[in-house]
Q: 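Structure provided below as structure tokens; questions to follow.
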2 protein chains.
Amino acid sequence: MAATIKDVAKKAEVSPSTVSRVIANNPRISQDTHEKVRKAMKELGYHPNAMARGLVKQKSQTIGLFISTSAELALSNPFFVEAIRGIGSVIQKHGYSLLLHSIEDEKDAERACLSLLRQKKVDGVVLSTSRVNDKLISKLQTEGYPFVVIGRPVPGLSINWVNNDNIKAAYEATEYLLKLGHQQIAMISGPEDLVVSMDRAKGYKMALQSYGLPFRQEYLKSGPFTQVFGQEAMKHLLSLEQPPTAVLVADDLMAFGAMETLKTRNLSIPGDMSIVGFNDSPLASFIHPALTSVNLNIYELGTQAAKLLMEIVEKPGHNASQRVIPTQLIIRESCGSPGKGGDTLKASCV
Amino acid sequence: MAATIKDVAKKAEVSPSTVSRVIANNPRISQDTHEKVRKAMKELGYHPNAMARGLVKQKSQTIGLFISTSAELALSNPFFVEAIRGIGSVIQKHGYSLLLHSIEDEKDAERACLSLLRQKKVDGVVLSTSRVNDKLISKLQTEGYPFVVIGRPVPGLSINWVNNDNIKAAYEATEYLLKLGHQQIAMISGPEDLVVSMDRAKGYKMALQSYGLPFRQEYLKSGPFTQVFGQEAMKHLLSLEQPPTAVLVADDLMAFGAMETLKTRNLSIPGDMSIVGFNDSPLASFIHPALTSVNLNIYELGTQAAKLLMEIVEKPGHNASQRVIPTQLIIRESCGSPGKGGDTLKASCV
DNA sequence: AAATGTTGTGCAATCGTTTTCGCAAAGTAT
DNA sequence: ATACTTTGCGAAAACGATTGCACAACATTT
């Protein structure tokens, strides 16, 4: 039987209210009783019951995180860990805990999320699911639950989110290739219905345009974020009558696939083809040639999301706000100037 | 203001007790009132308050997961995700939620873990931290909290754990190399103070012994689970007057490092050196040559840990028990018979 | 017909806190 | 010395459920 506040009260010869007040550091408590009570708490090993406290305060001091852990994301799941670390680090400082629900299918996620909120097991949630699930979002909104979505802007609605500026990131990456002198730049993009894919494609197109280059439909291949799609897409690009000399790939995993087909065809990177990826996964620096990739600052994405949520949860009536987290192009070895087809790799593999 | 049980009671024209009983599916409730109450619940969008319920039932229906997410594990963190998925899938079926605490330093983990339990925010915990922290374990034990440790046997103490049979796994991997005809087999192992390292080293030694081969101290290098240590260790092995023809590496990440030094020295894998790793990380099949590695069944590790914990939590007085999860050696391309030093890789890199 | 058992429900206590209100004692201003 | 204000603390009412006990109403046995 764990000690309750009453036990402490008895031991310290005060009322439970007083004990409660010393816990809350209420200034109306005298130094004397304060010490007396603290001492009693120590001696009894007292820890306030979170549920009892939550019941009266109407707060669970817990926030929920809903995040996809689907197998297809297995490789890019530094996202997962980094986001969790980021979120965890800030909410812990606020005395909150993290309830994690890994979502397999959308329907389940929706039920679980609403249920947890309505049961008051969590005070708010952060959502990170690339798939658009507007039903959940609008329900959260109409029911007035605190939430922030991470990694996906939801245009139009005034909700809280944090995201990278994918348009800008893709723009900069493309610009980097352009400045290297490339004129034929292709893009291997993600699923067309994902906002992140659309944004990255948009940034790519904008960069081409700013530099007076035409956008060619056959240079843009969209498909799933998988290694095999990367392979396929690269094969397709190589089969064009005028293959590109550089390609922007919307995900490192796809980029690895693309690199693989280049290598099996004995084409050199970056000699014959420059590649830039997205996500800066741990493998990027690891593979040979090391992949130039745009770093998304996922940890930061997590911390900012959490900070935002804390604000909303702690002072309701907070206005919707958005934060965009900067990205960095991490330059490694996979890009060079065009027209050096003869180069072969020195340190060729891992 | 969310509806409470009283609101439902009023609407259904019954007492709160009755509503509670229909929620609990108490058989003493008539079909009639059952429907009446259900209807009222639907109409009001009623969801029982988890904290109120938890308060009286003395259960939070939540379990805590304490797991290291240190940066050094970034690459091998499929562990993280897989374990979470496994645990989540079983506890969700039992109506539990998962409270995740990612631990950065040991001291903090201990405080947090005990605090969560004493506050009754969680009904039990699963611990997965490679570092031995016996203080926490013994406290958990003396305070009688339900817990299971995953990925680490704690010899001597009768506590609940699930783990791989690392001795056997290493034995089998070594045996595989032996059967391939290798006589000089080295091992690159993890930190010496980790049980997992000790076990894997032991299995390696046992296999050598069974096949009548001597154990040579200079063939066993221990160090951190990092890529750079893998590189170093391999350099050292290559510098021996009689270098090994095969090496068992206690972690894929280290194995990748080892492979890298081989490649920069233009040694072929498996022509000049066979390599087998541990963990079967997603990269293993991805790298060239694809790495033969022992798969730990982490998802299964997670589900079994969770099942065990559910048993303990639901029926206390449960006896301590242990489960060992089988491993599989996943054979890919990084091993061959010795003495084919001239071979070069066909598809050499990624 | 009386005694007994079964069904279906409500009352009230309880879980362990926080918090409003009230009130004495002590301090300060008039 | 009187009238306020401040300080320090306790009593009791929440918070929203569950559950043991009581007790009708009805059914079944003897």
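Naming convention: chains lettered A, B, ... in sequence-line order (proteins, then strands); numbering from 1 in each chain.
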Q: Provide, to the nearest angstrom, the distance between the CG atom belonging to B:N49 and the C1' atom belonging to D:dA17.
A: 7 Å
Q: Roughly, in whole Å, what's the span from NZ in A:K120 to C1' in C:dT17?
A: 18 Å
Q: Classify the nucleic acid contact of B:V19 as base, sugar-phosphate or nothing, counting any heavy atom under 4.0 Å across all strands shown.
A: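 B:V19: no heavy atom of the nucleic acid under 4.0 Å.
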Q: Below 4.0 angstrom, N of the basic side chain to O of the carboxylate: do A:K135 and A:E110 qualify?
A: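 Result for this pair is yes, salt bridge flagged.
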Q: Between B:M51 and B:R28, name the one whose nearest nucleotide on DNA chain D is closer to the 5' end.
A: B:M51
Q: Are OP1 or OP2 of C:dG16 and a side-chain N or O of B:Q58 less than 4.0 angstrom apart?
A: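 Looking at the OP1 and OP2 atoms of C:dG16, one of them is under 4.0 Å from a side-chain N or O of B:Q58.
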Q: Using whole Å, what does the distance between atom P of nucleotide D:dA17 and atom CD of A:Q119 come to?
A: 11 Å
Q: What is the distance, rounded to the nearest whole Å, between atom CG of B:N25 and atom P of D:dT18?
A: 12 Å
Q: OP1 or OP2 of D:dT19 versus the side-chain N and O atoms of B:S17: is any pair under 4.0 Å?
A: no
Q: B:Y46 has a side chain; which of C:dT18, D:dG20, D:dA17 sits nearest to it?
A: D:dA17
Q: Using the side-chain heavy atoms of B:I23, tell me which of these nucleotides is nearest: C:dT17, D:dT18, C:dC11.
A: D:dT18
Q: When you measure from the side chain of A:V14, which nucleotide among C:dT17, C:dC15, D:dG10 comes out closest?
A: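 Between C:dT17, C:dC15, D:dG10, the one nearest the side chain of A:V14 would be D:dG10.
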Q: Report yes if at least one side-chain N or O of A:S15 is closer than 4.0 Å to OP1 or OP2 of D:dG10; otherwise report no.
A: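 Checking A:S15 against D:dG10: at least one side-chain N or O falls below 4.0 Å of OP1 or OP2.
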Q: Rounded off to whole Å, could you give me the NZ-to-P distance for the B:K121 and C:dC15 pair?
A: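 Atom-to-atom, B:K121 to C:dC15, this comes out as 23 Å.
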Q: Counting only side-chain nitrogens and oxygens, does B:S20 get under 4.0 Å of the OP1 or OP2 atom of D:dT18?
A: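 So the side-chain polar atoms of B:S20 do come within 4.0 Å of the phosphate oxygens OP1 or OP2 of D:dT18, strictly under.
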Q: Starting at atom NZ of B:K36, determine the distance to atom P of C:dG8, rounded to an integer number of angstrom.
A: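 So the two atoms are 13 Å apart, to the nearest Å.
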Q: Quick one: does any side-chain atom of A:D123 pair with a main-chain N or O of A:K59 as donor and acceptor, under 3.5 Å?
A: no
Q: Would you mind telling me which of C:dT17, C:dG16, D:dC9 lies closest to the side-chain atoms of A:S30?
A: D:dC9
Q: Identify whether the distance between the nearest side-chain nitrogen and carboxylate oxygen of A:D108 and A:R111 falls below 4.0 Å.
A: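 A salt bridge is present here (some side-chain N lies under 4.0 Å from a carboxylate O).
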Q: State whether the side chain of A:Q61 and the backbone N or O of A:G95 hold a donor-acceptor pair below 3.5 Å, judged by distance alone.
A: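 At least one qualifying donor-acceptor pair exists.
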Q: If you take all heavy atoms of B:K11 and B:A40, which pair is closest and at what distance?
A: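 Scanning both residues, the minimum pair turns out to be CG-CB, 3.8 Å.
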Q: Taking the side chain of A:A52 as heavy atoms from C-beta outward, which of C:dG16, C:dT9, D:dT18 is closest to it?
A: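 Nearest listed nucleotide: C:dG16.
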Q: Regarding A:H47, tell me which of base, sugar-phosphate or nothing describes its non-hydrogen contacts under 4.0 Å with the strands shown.
A: sugar-phosphate
Q: Using whole Å, report how far NZ of A:K59 lies from C1' of D:dG16.
A: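 Atom NZ in A:K59 sits about 18 Å away from atom C1' in D:dG16.
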Q: Run the side-chain hydrogen bond (donor to acceptor under 3.5 Å, both in side chains) test on B:K121 and A:T62 for me, step by step, so that the C-alpha distance in whole Å, both residues' side-chain angles and the decisive distance to 0.1 Å come before the verdict.
A: CA-CA 10 Å; B:K121 264 192 121 164; A:T62 302; 3.2 Å; yes
Q: Tell me the interatomic distance from B:I29, atom CD1, to D:dT18, atom P, rounded to whole angstroms.
A: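 So the two atoms are 12 Å apart, to the nearest Å.
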Q: Report yes if a side-chain nitrogen or oxygen of A:T18 is closer than 4.0 Å to either non-bridging phosphate oxygen (OP1 or OP2) of D:dG8; otherwise report no.
A: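 Answer is no, no contact under 4.0 Å.
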